[in-house]
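See below for the structure under consideration.
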Amino acid sequence: MASNSTKSFLADAGYGEQELDANSALMELDKGLRSGKLGEQCEAVVRFPRLFQKYPFPILINSAFLKLADVFRVGNNFLRLCVLKVTQQSEKHLEKILNVDEFVKRIFSVIHSNDPVARAITLRMLGSLASIIPERKNAHHSIRQSLDSHDNVEVEAAVFAAANFSAQSKDFAVGICNKISEMIQGLATPVDLKLKLIPILQHMHHDAILASSARQLLQQLVTSYPSTKMVIVSLHTFTLLAASSLVDTPKQIQLLLQYLKNDPRKAVKRLTIQDLKLLASKTPHTWSRENIQALCECALQTPYDSLKLGMLSVLSTLSGTIAIKHYFSTVPGNVSSPPRSSDLVKLAQECCYHNNRGIAAHGVRVLTNITVSCQEKDLLALEQDAVFGLESLLVLCSQDGNPGAQATLKIALNCMVKLAKGRPHLSQSVVETLLTQLHSAQDAARILMCHCLAAIAMQLPVLGDGMLGDLMELYKVIGRSATDKQQELLVSLATVIFVASQKALSVESKAVIKQQLESVSNGWTVYRIARQASRMGNHDMAKELYQSLLTQVASEHFYFWLNSLKEFSHAEQCLTGLQEENYSSALSCIAESLKFYHKGIASLTAASTPLNPLSFQCEFVKLRIDLLQAFSQLICTCNSLKTSPPPAIATTIAMTLGNDLQRCGRISNQMKQSMEEFRSLASRYGDLYQASFDADSATLRNVELQQQSCLLISHAIEALILDPESASFQEYGSAGTAHADSEYERRMMSVYNHVLEEVESLNRKYTPVSYMHTACLCNAIIALLKVPLSFQRYFFQKLQSTSIKLALSPSPRNPAEPIAVQNNQQLALKVEGVVQHGSKPGLFRKIQSVCLNVSSTLQSKSGQDYKIPIDNMTNEMEQRVEPHNDYFSTQFLLNFAILGTHNITVESSVKDANGIVWKTGPRTTIFVKSLEDPYSQQIRLQQQQAQQPLQQQQQRNAYTRF
């Protein structure tokens with residue numbers, strides 16, 4: 001259910017235009033900087049951020065910033081302003097400046113200018129550089145001096161710089177705190193300047209004493225200056241300080257609630273609500289029961305809808321956290337009132353049917369969260385209230401097409417999904433309500449409702465065949481026009497139909513969908529529906545849709561991509577004809593499927609380009625092919641018990657060899673090979689999982705299920721035939737208890753449990769190998785293949801994109817050329833790297849640290865063989881580094897004692913926030929040539945020259961004797 005804007009794997013199928021290398025690009029910009037025309041200079045300056053983005057390594061960034069510093073030093077104020085903007089845009093690259101002293105020196109020289117505007121720009125520049133020069137005393141001194149300036153522009157710049165330095169430097173914050181306090185309390189300071197100075201105090205959180213003094217000052221300000229602007233700025237700074245220092249958060253919540261209750265000004269009330277929401281999302285565990293109770297009382301008493309909406313949004317944020325459990329928990333010594341009679345529930349019930357949609361949405365969300373979070377017995381009435389509230393909100397918003405109604409509808413539908421997941425017995429009534437409302441809703445609302453239906457049906461099998469008729473009727477009447485909403489609705493509704501009929505899509509349903517698609521004739525819509533069919537396992541439908549699209553694409557890469565999808569769907573469709581106990585037809589079905597898979601993989605390889613290598617897709621399909629071949633081989637092995645029974649002397653051979661399995665003939669060795677093959681496949685699936693850092697959780701779970709299938713079969717072979725005595729079923733028994741998130745996963749889990757039960761019942765009952773054992777294995781294979789394979793989202797779309805770019809130094813000019821190192825010296829290899837992201841960084845997981853592995857191997861040896869300690873022959877090192885602003889660097893010290901050419905390989909992998917290691921790559925190789933050092937070479941030559949006369953003398957003696 002992705003939007004049109006989502007980037008496809010093949011969106012960049014064409015090759016990129018020829019780019020300039022880093023040095024050429026820098027020279028081009030340098031030419032512009034040295035131009036005599038101001039316009040060209042400005043243009044060159046503003047193009048630097050793009051250069052940094054393209055070549056984000058320190059050597060270029062350092063040179064570029066030094067050039068910009070020169071422009072800042074000698075240019076006019078407009079150029080300085082441009083340089084300032086570039087510096088602020090490139091904040092994440094600042095720490096890559098190597099010559100910080102030289103850079104700051106050139107910038108700082110302007111602070112002594114007579115022009116206050118030039119000084120102001122310099123102060124802002126220094127403030128922007130605070131992250132790399134936090135402890136520069138000359139910068140601190142200049143800021144303190146400029147705060148006393150008589151020029152307003154310079155003072156405002158000093159305030160900006162002071163705020164930035166306070167955030168970075170504890171020393172500066174301690175030093176400036178008293179000065180800011182004096183200025184704020186001084187009568188000579190204008191009010192507007194005081195309003196700008198107060199926010200600096202939010203950064204005084206470096207230690208408890210500093211935070212306490214800032215808090216006391218803010219407390220005085222709030223009481224001494226009761227004007228609206230001062231109270232608003234002071235309270236907000238107060239909140240940000242408390243959120244950063246953490247220790248005073250409960251006091252701050254009480255203070256904000258006090259102002260919310262007692263201050264009559266609406267602007268102050270709005271600010272307190274905004275700050276309470278910030279604290280509710282950041283530190284929900286600090287909210288006491290009394291705090292929530294006070295907020296509920298304020299919400300019940302206020303006559304203003306806008307304030308009630310704000311308070312309810314705070315409560316709805318809190319209701320999704322641990323604070324709600326604290327609120328309803330029984331305190332020892334107190335008899336708590338039941339949840340139904342509390343003010344929070346009363347408020348939520350009152351607001352559920354409010355004429356303001358926003359208030360109603362938050363009321364419903366609070367009720368839903370209480371129902372899902374609190375598992376008390378007397379929540380039956382609350383459940384009903386939540387369901388009725390959701391139904392009324394659904395009816396109200398689905399008829400309205402404006403954006404506000406759509407936002408409210410999204411909240412209601414999210415609550416429905418949450419309620420169905422947390423309280424499965426309510427899912428049926430929720431789904432029936434949605435289906436009823438679908439007919440009369442607006443198109444925009446229908447799309448959202450279809451998404452909700454699909455989300456609920458993926459988690460719980462609630463869409464029965466009886467409901468399918470309603471959906472098909474609705475599908476016939478929509479899609480009369482080719483508007484974007486209609487196209488989106490066609491995709492969403494088709495997805496719900498596929499989810500509802502995952503076992504098999506009826507002929508009538510297929511005909512209705514195809515007829516609608518032919519009348520609309522939008523290729524992108526057809527492709528998206530086909531993609532959903534592949535995800536849900538409706539491969540016959542997907543095959544026909546891909547076939548219809550083949551002639552509608554302009555690029556041959558797109559053609560091969562669609563052709564490969566068609567072949568894969570055809571291959572999976574062949575497996576739907578499998579029947580239990582019919583092993584010969586199973587072999588022919590697998591053979592037919594493999595034929596189409598081989599056609600498809602050839603087409604998929606043709607669809608890949610250097611920009612889009614389709615590595616995940618190719619590996620996934622190759623593994624599927626190998627798995628099908630392994631299944632086919634195992635069925636043949638099982639059949640060989642009938643076609644090639646053990647010879648008459650098999651028992652004698654088994655007794656002679658001491659291996660009881662040999663009495664079964666050659667099938668025992670074949671089974672052993674088969675088990676190793678399945679274990680090897682499971683290992684390869686594990687490698688694919690580790691290489692898929694950017695994949696969504698559903699795709700990773702799919703790969704995991706394929707791996708579990710391989711492990712299941714290998715375990716069954718071992719438990720039934722190879723080693724029945726030591727087989728254990730305890731570790732496999734718990735696999736089916738986990739919550740399944742899709743119909744495919746539920747069916748696979750059901751098959752796993754069934755196969756394990758069958759294997760356990762046969763285990764140790766019959767001596768291996770009997771026809772019962774082989775039949776059990778064949779039936780397990782057929783049961784696994786009868787579940788249609790799901791091609792998950794990552795097969796089609798890459799929502800998150802993460803890559804690592806490595807740079808090694810020293811590096812040769814020519815990649816094939818080795819770096820020369822003397823064998824008595826060590827090579828200091830510096831590894832720098834940049835983490836590059838797509839449009840949605842960290843959507844599924846984020847990089848916490850990068851693991852760099854450096855290894856060297858000797859490729860060719862030169863010179864004589866010396867006896868060298870084994871430690872000096874190879875280098876194997878590993879380091880973990882944490883990227884900062886997507887940049888990391890580290891060094892390795894490598895030893896090359898053996899003369900010859902060595903191959904150094906640097907491989908990177910990443911560790912995410914959960915501690916899972918992902919083999920993302922890349923892998924970089926350089927060559928090093930170890931040369932003999934001159935001193936050793938000279939001594940060796942002298943020894944050789946000294947040995948030559950001795951050898952000649954020995955030869956003469958031998959001749960004279962002769």
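Starting from 1, each residue takes its place in the sequence as its number.
Side-chain atoms of Lys85 never come within 3.5 Å of backbone atoms of Arg80 as a donor-acceptor pair (strictly under, hydrogens ignored). Between the side chain of Lys269 and the backbone N or O of Leu307 there is no donor-acceptor pair closer than 3.5 Å. A donor-acceptor contact shorter than 3.5 Å links the side chain of Thr321 to the backbone of Leu318. Looking only at distances, no side-chain donor or acceptor of Asn885 sits under 3.5 Å from a matching main-chain atom of His93. Checking side-chain atoms of Thr283 against main-chain N and O of His285 turns up no donor-acceptor pair under 3.5 Å. Without hydrogens or angle criteria, His203 side chain to Phe165 main chain gives no donor-acceptor distance under 3.5 Å. In this structure, the side chain of Asn76 engages the main chain of Leu79 through a donor-acceptor pair within 3.5 Å. At least one donor-acceptor pair closer than 3.5 Å links the side chain of Ser281 to the backbone N or O of Leu278. In this structure, Ser149 contributes its side chain and Asp151 its backbone to a donor-acceptor pair below 3.5 Å.
Partners of Pro922 under the side chain to side chain contact (heavy atoms under 4.5 Å, CB included) rule, at least two apart in sequence or in another chain, are Ile804, Leu806, Ser908. When the side chain to side chain donor-acceptor pair (under 3.5 Å) test is applied to Asp70, the partners found at least two apart in sequence or on another chain are Arg73, Arg106. Under the rule for a side chain to side chain contact (heavy atoms under 4.5 Å, CB included), the partners of Ser169 that lie at least two apart in sequence or sit in another chain are Pro134, Glu135, His140, Asp171, Phe172. The side chain to side chain contact (heavy atoms under 4.5 Å, CB included) check on Thr802 picks up Phe693, Asp694, Gln800, Val835, His837, Ile847, with sequence neighbours excluded. Shown here are the side chain to side chain donor-acceptor pair (under 3.5 Å) partners of Glu878, two or more places apart in sequence or in another chain: Asn853. Residues meeting the side chain to side chain contact (heavy atoms under 4.5 Å, CB included) test with Ser213, sequence neighbours left out: Cys177, Leu210.
The environment of CD in Glu91 is sparse: at most 12 heavy-atom neighbours from other residues, nucleotides or ligands sit within 6.0 Å. The 12-atom threshold is exceeded at CG of Leu893, counting heavy atoms of other residues, nucleotides or ligands nearer than 6.0 Å. The 12-atom threshold is not exceeded at CZ of Arg923, counting heavy atoms of other residues, nucleotides or ligands nearer than 6.0 Å. The environment of CG in Asn114 is sparse: at most 12 heavy-atom neighbours from other residues, nucleotides or ligands sit within 6.0 Å.
When all heavy atoms of Leu256 and Asp275 are compared, the closest pair comes out as CD1-CB, 3.7 Å. What you find for Leu147 and Met183 is that their closest heavy atoms are O-CE, 3.6 Å. Taking all atoms of both residues into account, the shortest heavy-atom contact from Lys805 to Lys54 is NZ-O, 4.0 Å. Closest heavy-atom contact between Asp912 and Gln848: O-OE1, 3.5 Å. The heavy-atom pair separating Thr237 from Pro199 by the smallest distance is OG1-CA, 3.7 Å.
There is a side-chain donor-acceptor pair under 3.5 Å between Gln185 and Gln220. No side-chain donor from either of Ser131 and Gln168 sits under 3.5 Å from a side-chain acceptor of the other. Checked by atom type, the side-chain pair Gln879/Thr890 shows a donor-acceptor distance below 3.5 Å.
Taking the six-membered ring where the residue is Trp, Phe52 and Phe48 present tilted rings, their angle falling between 30° and 60°.
Geometric assessment of Lys92 against the ring of Tyr887 yields a negative cation-pi assignment under the 6.0 Å and 45° thresholds.
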